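The structure appears right after this line, and notes come after that.
If you're wondering where the values come from, they're calculated on a predicted model, not measured in any experiment.
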Amino acid sequence: MTNERIKELEVKLTELDDKGKQGLKKVDVLNELAFALYSTDLDRTRDYATKAIELAERLEYKKGEARGYRTIGVYFWLKGAFHEALEKTLKSLKISEEAGDEDGCASSLNNMGLINMNLGKPDLALEDHRKASEIFERLGNTESQAKTLTNIGIIYDAQEAYEEALKYFLRGLKLHEEIDNKTVLAGSHSYIGSSYRGKGDYNKALEHYLMAVDISESTGKKLDAAIAYKGIGSLYTKLQQYDQAVDYLEKALDLARQMKSKHQEISVYRYLLEMYEARQDYKTALECLKKVHSLESQIFSEESDAKIARLQVMYETEKKEKEAEIYRLKNVELEEMVARRTAELEELIYVTSHDLRTPLRAISGFSQFLYEDYFDRFDKEGKNYYDLLLKAVTRMERLLDDLLSVNALSRKKVKFSTVPSSKLIKRALEILNPPKDSEVKFDPEELPLLHCDQSKITDVFYHLISNGLKFNKRTHKRIKITARDSGKSHEFAVEDNGIGIEERHYERIFQTFQRLHQLGDYEGTGVGLSMVKRVIVEHGGKIWVESRIGKGSVFRFTLPKKSHQRR
């Protein structure tokens with residue numbers, strides 16, 4: 001909506017009173033203004049929508065009341081307060097159902113899909129959007145149907161199903177173009193650019209992002225411009241053109257602040273975080289992540305906590321390494337100081353992890369009381385929240401266990417001995433106890449003797465076999481372990497027939513607390529492969545992966561024939 005139209009509506013507002021037909025018209029004008037301003041001034045969106053709700057309630061104008069709550073839901077969504085957004089949107093849906101307003105019901109369902117996606121519920125989001133699309137199509141509401149198709153594309157894009165996402169994005173764009181709806185064309189081009197970026201077609205991606213910039217600048221819609229700038233910034237990050245990436249992301253950040261949109265500001269900082277990590281500027285990356293953590297203070301975010309810890313360690317490690325390099329020749333005592341501080345840090349992690357278990361046990365205990373005394377009184381949504389609470393507690397327990405495992409690995413010294421590698425694989429299989437629908441093949445006669453820490457290399461085989469079976473959707477899961485002589489080292493290959501890994505994630509999977517899949521898809525915290533890499537490097541070897549999506553992966557690692565522990 002243009003600035004001229006907004007001014008016209010504001011003038012119209014002053015000409016209407018709060019009674020009768022004029023009152024009903026005033027509710028509609030308030031709602032139209034509230035919705036028109038969400039991409040430029042969220043505070044005014046909230047104020048106009050609140051006034052619309054209050055007046056509609058007095059006039060018993062259900063349709064206007066529902067629309068007001070729907071817009072308030074959009075306000076909270078853009079602020080990043082997703083549970084409040086869901087509450088307001090559910091209220092809008094209920095009022096629309098009572099009023100027999102099918103179009104209002106579909107609009108509420110569409111918004112619920114957006115919110116559920118942000119709450120990490122893509123299946124619910126798809127269900128909401130598909131219901132909305134069916135209603136809009138039946139009512140002949142082409143504009144809203146096009147928006148809903150685009151939202152379905154967004155879900156597939158987030159799941160990296162880029163071909164499926166493009167199908168819905170292009171259908172939505174075609175409908176928007178048919179009705180000449182210029183106000184949403186910028187967003188459509190940005191989403192199409194996102195899918196092409198995911199596919200690795202960067203020229204197509206840039207073409208659509210630039211279209212989005214041109215359209216959004218002509219319409220004055222700050223939200224659309226911010227989304228386009230973020231896309232271009234991310235694209236330049238992938239192309240390792242970091243100066244250009246910063247320029248566009250800073251533009252997006254400025255617009256997010258102008259809109260006072262916490263949700264968009266968080267999103268931009270995440271793109272900046274990705275860029276600075278790629279640039280290996282961990283200090284600035286840490287500052288970006290702390291900003292995200294601050295903005296998300298009301299949202300429980302395990303992944304943010306883990307990333308802050310990881311970046312803090314990376315930054316401190318980098319800092320200490322540089323200091324040691326500068327002063328080692330001048331001050332022999334520096335190495336002792338670094339070792340002492342490292343030991344203190346390890347002790348702090350150990351003590352803190354144990355201390356965190358006390359409040360976690362309290363949460364778990366009170367959750368049990370809730371279940372025993374109140375669970376039968378919960379409605380469907382309450383039971384869903386209870387399930388989410390239990391999952392969060394379990395997730396935190398696993399994170400603490402894995403954090404302690406990582407810490408223990410760092411503290412435990414390597415004890416070398418000679419052992420047949422087949423013996424370590426058998427020991428790993430005894431611990432793992434693979435399911436009956438799986439097969440782990442290796443020939444003991446073709447596997448070498450190793451000079452290694454038996455316990456740690458057993459863990460290596462355990463994690464690699466476990467991952468090959470876990471990330472595998474086949475009826476018959478297969479693991480094959482082989483080895484060859486590569487001169488000074490033995491090179492092992494652990495091959496599976498699982499889901500595979502995209503090449504762009506080859507390095508990321510070996511980082512601590514890094515997951516490629518949503519929490520509900522596969523168990524785990526993203527620690528296993530990082531521990532594997534630590535052990536291999538500690539033994540003086542290296543590890544890498546070769547993979548094909550849908551075909552499987554081969555994890556290869558080397559172990560020196562002679563003991564060669566790296567410091």
Side-chain angles (χ1 to χ4, degrees), residues 398 401-402 405-406 409 414 417-486 489-503 505-506 509-510 514-517 521-539 541-561:
R398 288 176 178 171
D401 288 341
D402 285 346
S405 297
V406 172
L409 184 67
V414 179
S417 61
T418 301
V419 60
S421 52
S422 59
K423 181 179 179 180
L424 304 184
I425 296 170
K426 290 175 183 177
R427 191 177 300 166
L429 290 173
E430 289 172 2
I431 299 169
L432 181 60
N433 190 22
K436 294 180 179 180
D437 62 349
S438 62
E439 177 186 13
V440 181
K441 295 178 62 176
F442 62 94
D443 186 346
E445 298 298 325
E446 296 182 1
L447 296 178
L449 287 173
L450 292 177
H451 192 62
C452 64
D453 185 303
Q454 295 188 32
S455 174
K456 291 191 174 187
I457 299 302
T458 298
D459 285 343
V460 167
F461 285 116
Y462 171 87
H463 284 296
L464 292 179
I465 295 169
S466 174
N467 273 13
L469 297 176
K470 178 167 67 174
F471 298 102
N472 196 318
K473 296 181 179 179
R474 296 183 186 273
T475 304
H476 184 68
K477 303 173 178 63
R478 296 196 309 273
I479 305 290
K480 182 179 180 181
I481 304 173
T482 57
R484 71 181 186 89
D485 190 322
S486 62
S489 298
H490 301 292
E491 182 183 308
F492 285 84
V494 180
E495 182 178 356
D496 64 60
N497 64 338
I499 61 175
I501 304 164
E502 289 189 34
E503 186 174 355
H505 295 313
Y506 283 3
I509 58 173
F510 294 108
Q514 286 294 308
R515 295 173 51 90
L516 303 186
H517 306 277
D521 294 341
Y522 300 95
E523 293 183 356
T525 59
V527 165
L529 287 178
S530 69
M531 294 178 68
V532 166
K533 184 174 180 178
R534 286 188 184 206
V535 170
I536 297 300
V537 171
E538 191 177 42
H539 278 70
K542 59 182 181 179
I543 184 169
W544 66 98
V545 65
E546 300 164 0
S547 185
R548 292 175 62 194
I549 295 296
K551 300 295 184 181
S553 304
V554 183
F555 283 86
R556 300 186 186 277
F557 64 91
T558 61
L559 290 173
K561 294 178 180 179

Any side-chain heavy atom of [X] within less than 4.5 Å of one from [Y]?
{"X": "E495", "Y": "T482", "answer": "no"}
{"X": "H451", "Y": "K561", "answer": "no"}
{"X": "C452", "Y": "L424", "answer": "yes"}

Closest approach of [X] to [Y] (non-hydrogen atoms, all atoms of both residues):
{"X": "R478", "Y": "N497", "value": "N-OD1, 2.9 Å"}
{"X": "I501", "Y": "Y506", "value": "O-CE1, 3.5 Å"}
{"X": "L450", "Y": "S421", "value": "CD1-CB, 3.6 Å"}
{"X": "R474", "Y": "G550", "value": "NH2-O, 2.9 Å"}
{"X": "S489", "Y": "P560", "value": "OG-CA, 3.7 Å"}

Show which side-chain atoms of residues 425-442 pair as donor or acceptor with protein atoms under 3.5 Å away, not counting sequence neighbours.
from, atom 1, to, atom 2, distance (Å)
D437, OD2, K477, NZ, 3.2
S438, OG, P435, O, 2.6
E439, OE1, H476, NE2, 3.1

Spacing of [X] atom [atom1] and [Y] atom [atom2] [to the nearest 0.5 Å]:
{"X": "F461", "Y": "I481", "atom1": "CZ", "atom2": "CD1", "result": "6.0 Å"}
{"X": "S422", "Y": "E445", "atom1": "OG", "atom2": "CD", "result": "8.0 Å"}
{"X": "N467", "Y": "S553", "atom1": "CG", "atom2": "OG", "result": "9.5 Å"}
{"X": "K470", "Y": "I499", "atom1": "NZ", "atom2": "CD1", "result": "10.5 Å"}
{"X": "Q454", "Y": "K423", "atom1": "CD", "atom2": "NZ", "result": "5.5 Å"}
{"X": "L464", "Y": "D459", "atom1": "CG", "atom2": "CG", "result": "10.5 Å"}

### Task
Please lay out, stage by stage, how R484 and E491 fare under the test salt bridge (Lys or Arg N to Asp or Glu O under 4.0 Å).
CA-CA 5 Å; R484 71 181 186 89; E491 182 183 308; 3.0 Å; yes
### Task
Under the salt bridge (Lys or Arg N to Asp or Glu O under 4.0 Å) rule, collect the residues that match up with R548, sequence neighbours excluded.
none
### Query
Sequence neighbours excluded, which residues qualify as salt bridge (Lys or Arg N to Asp or Glu O under 4.0 Å) partners of E503?
none
### Query
Would you find a donor on one side and an acceptor on the other, under 3.5 Å apart, between the side chain of H539 and the backbone of D453?
yes
### Task
Give a yes or no answer on whether the side chain of S547 reaches the backbone of G500 with a donor-acceptor pair at less than 3.5 Å.
no
### Query
What class does the angle between the rings of F557 and F492 fall in, given that below 30° is parallel, 30 to 60° is tilted and above 60° is perpendicular?
parallel
### Task
Begin with the C-alpha distance, continue with both residues' side-chain angles, and end with the deciding distance and a verdict on side chain to side chain contact (heavy atoms under 4.5 Å, CB included) for I509 and F555.
CA-CA 12 Å; I509 58 173; F555 283 86; 3.9 Å; yes
